[in-house]
Amino acid sequence: MPDALDFLIGDAKDVARQLIGWRFYHRMPNGELVGGTLSETEAYHQDDAASHAYNGLTERTRVMFGPPGHLYVYFTYGMHWCANIVTGPVGNAQAVLLRALIPDNGIVIMRGRRPGRADKELASGPAKLCQALSISGADNSKPVGNEQTGEFVLLPPTRTYHVEATPRIGITKNRDVLWRFVLLP
DNA sequence: ATGGGGATCGTCT
DNA sequence: GACGATCCCCATC
């Protein structure tokens, strides 16, 4: 993991807040970066009934128990992929779900992958984000870097942002904690 | 603008 | 065998 991404070793709810405003990209085979500014994240902990890691290590959650800075990609509702960045110290299964981003590069590619959608809807949900960036199970466990060459790229914010904390979306357990973070306009 | 329901299958009990 | 860390369409207001 590059030094600039050392903060991913931190606690998931701290990292989830920090990640708002960072720019996340999936590189095309031709080198083009497709993605934008992260605008919505959620933190998931090992001791968190809403987390896939709550019931311990399974084949699906193996990556969450591994080193930070890697993608945990899962399949849900029989048709959707969702992507997390693993955080926290090794062995302490934590991850940050990437729920939305504001496209700022490769927008034409994203429109092609999500035909008929308005630009603001290209990556405005966790499964939409994976569609727009072409992330699937084949990308599970891949590392996130900040190099010019990596397949998944995380670049620091270009300015400071205001962030709001809210309850997480779509869960039935542990609904009271404010572990969803949203970029304020 | 808002709300209800269907699609669809891997994962875990 | 039940249930999702969801999205989209369609009905109704």
Side-chain angles (χ1 to χ4, degrees), chain A residues 8 10-20 22 24 26 34-36 38-66 68-88 92-103 107 109-142 144 152 154 163-183 185:
Chain A
L8 296 178
D11 186 87
K13 53 187 184 295
D14 297 329
V15 176
R17 179 187 283 275
Q18 288 180 75
L19 276 174
I20 297 296
W22 281 69
F24 180 68
H26 188 186
V34 178
L38 291 172
S39 56
E40 189 179 336
T41 60
E42 282 178 359
Y44 288 88
H45 281 241
Q46 188 167 356
D47 299 318
D48 166 13
S51 173
H52 293 162
Y54 184 65
N55 291 314
L57 192 154
T58 67
E59 184 54 32
R60 177 175 64 157
T61 60
R62 184 165 37 83
V63 179
M64 279 187 79
F65 288 82
H70 292 251
L71 293 183
Y72 164 50
V73 183
Y74 67 91
F75 186 65
T76 193
Y77 290 103
M79 63 188 88
H80 296 304
W81 295 101
C82 296
N84 297 251
I85 295 177
V86 174
T87 72
N92 191 337
Q94 303 181 16
V96 173
L97 174 65
L98 306 179
R99 286 195 58 89
L101 60 75
I102 302 164
I107 295 182
I109 298 296
M110 292 189 248
R111 286 181 187 138
R113 291 168 175 167
R114 292 186 42 71
R117 316 292 162 195
D119 282 2
K120 59 183 303 188
E121 311 294 331
L122 288 176
S124 59
K128 300 178 193 178
L129 186 155
C130 282
Q131 274 183 239
L133 271 62
S134 187
I135 298 174
S136 74
D139 301 303
N140 190 39
S141 85
K142 286 184 179 175
V144 175
F152 288 96
L154 199 51
V163 178
E164 179 186 15
T166 81
R168 293 173 293 180
I169 303 292
I171 55 170
T172 56
K173 301 163 191 160
N174 227 5
R175 299 178 69 162
D176 50 332
V177 294
L178 305 180
W179 290 353
R180 171 175 175 258
F181 300 93
V182 184
L183 174 65

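Asp139(A) is listed as a side-chain neighbour of Phe152(A), based on a closest heavy-atom distance under 4.5 Å. Using a 4.5 Å heavy-atom threshold, the side chains of Ile20(A) and Thr41(A) count as touching. Leu133(A) places a side-chain heavy atom less than 4.5 Å from the side chain of Leu101(A). Proximity of Leu154(A) to Leu19(A): side-chain heavy atoms (C-beta onward) are separated by under 4.5 Å at one or more points.
Atom P of nucleotide dT6(C) and atom CG of Asn84(A) are separated by 11 Å, given to the nearest angstrom. Nucleotide dC7(C) holds its C1' atom 11 Å from the CZ atom of Arg99(A), rounded to whole Å. Here the P atom of nucleotide dT13(B) and the CZ atom of Arg60(A) are 10 Å apart, to the nearest Å. The interatomic distance linking Leu57(A) (CG) with dT11(B) (P) rounds to 14 Å, in whole Å. Taking atom CD of residue Glu40(A) and atom C1' of nucleotide dC7(C), one finds them 14 Å apart after rounding to whole Å. The nearest whole Å value for the distance from the CE atom in Met64(A) to the P atom in dC12(B) is 12 Å. We find that CG of Asn55(A) is positioned 11 Å from C1' of dT11(B), with the value rounded to whole Å. If you take OH of Tyr74(A) and P of dC12(B), they are 13 Å apart, rounded to a whole angstrom.
At the heavy-atom level, Arg114(A) lies under 4.0 Å from the strands shown only through sugar-phosphate atoms. Phe75(A) comes within 4.0 angstrom of sugar-phosphate atoms only, judged by non-hydrogen atoms across all strands, and of no base. Arg168(A) comes within 4.0 angstrom of nothing in the nucleic acid, heavy atoms only. Using a 4.0 Å heavy-atom criterion, one finds that Leu97(A) contacts the bases of the nucleic acid, with or without backbone contacts as well. Within 4.0 Å of Ala50(A), counting heavy atoms only, lies at least one base atom of the nucleic acid.
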Structure string for DNA chain B in dot-bracket form, Watson-Crick and G-U at under 3.5 Å, | interchain: |||||||.||||.
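Proximity note for Cys82(A) (side chain, C-beta onward) versus dT11(B), dC8(C), dT6(C): the nearest is dT6(C). Comparing dA5(C), dT8(B), dC7(C) by their closest approach to the side chain of Ile171(A) singles out dA5(C). The side chain of Ala127(A) lies closest to dT6(C) when the candidates are dT6(C), dT8(B), dA5(C). Picking from dG4(C), dT8(B), dC7(C) the nucleotide with the shortest atom distance to the side chain of Thr172(A) gives dG4(C). Across dT6(C), dA7(B), dT11(B), the shortest atom-to-atom separation from the side chain of Thr76(A) is found for dT6(C). Candidate nucleotides dA7(B), dA5(C), dC8(C) were compared by shortest atom distance to the side chain of Met79(A), and dA7(B) ranks first.
A distance cut-off of 5.5 Å between ring centres, combined with a plane angle under 30°, leaves Tyr77(A) outside any stacking arrangement with the base of dA7(B).
Mapping Arg117(A) and Lys173(A) onto DNA chain C via the closest heavy atom, the residue that lands nearer the 5' end is Lys173(A). Mapped onto DNA chain C by nearest heavy atom, Gly170(A) and Glu121(A) fall at different nucleotides, with Gly170(A) at the one closer to the 5' end.
Remark: side-chain polar atoms of Gln94(A) are paired, donor with acceptor, to backbone N or O of Ala12(A) under 3.5 angstrom. In this structure, Asp48(A) contributes its side chain and Ala50(A) its backbone to a donor-acceptor pair below 3.5 Å.
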Glu121(A) and Lys128(A): CA distance, side-chain angles, deciding distance, salt bridge (Lys or Arg N to Asp or Glu O under 4.0 Å) verdict: CA-CA 8 Å; Glu121(A) 311 294 331; Lys128(A) 300 178 193 178; 3.8 Å; yes
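Applying the 4.0 Å criterion to OP1 and OP2 of dC7(C), one finds that His80(A) has every side-chain N and O outside that range.
Between Val86(A) and Val63(A), the shortest heavy-atom distance links the atoms CG2-O, 3.6 Å.
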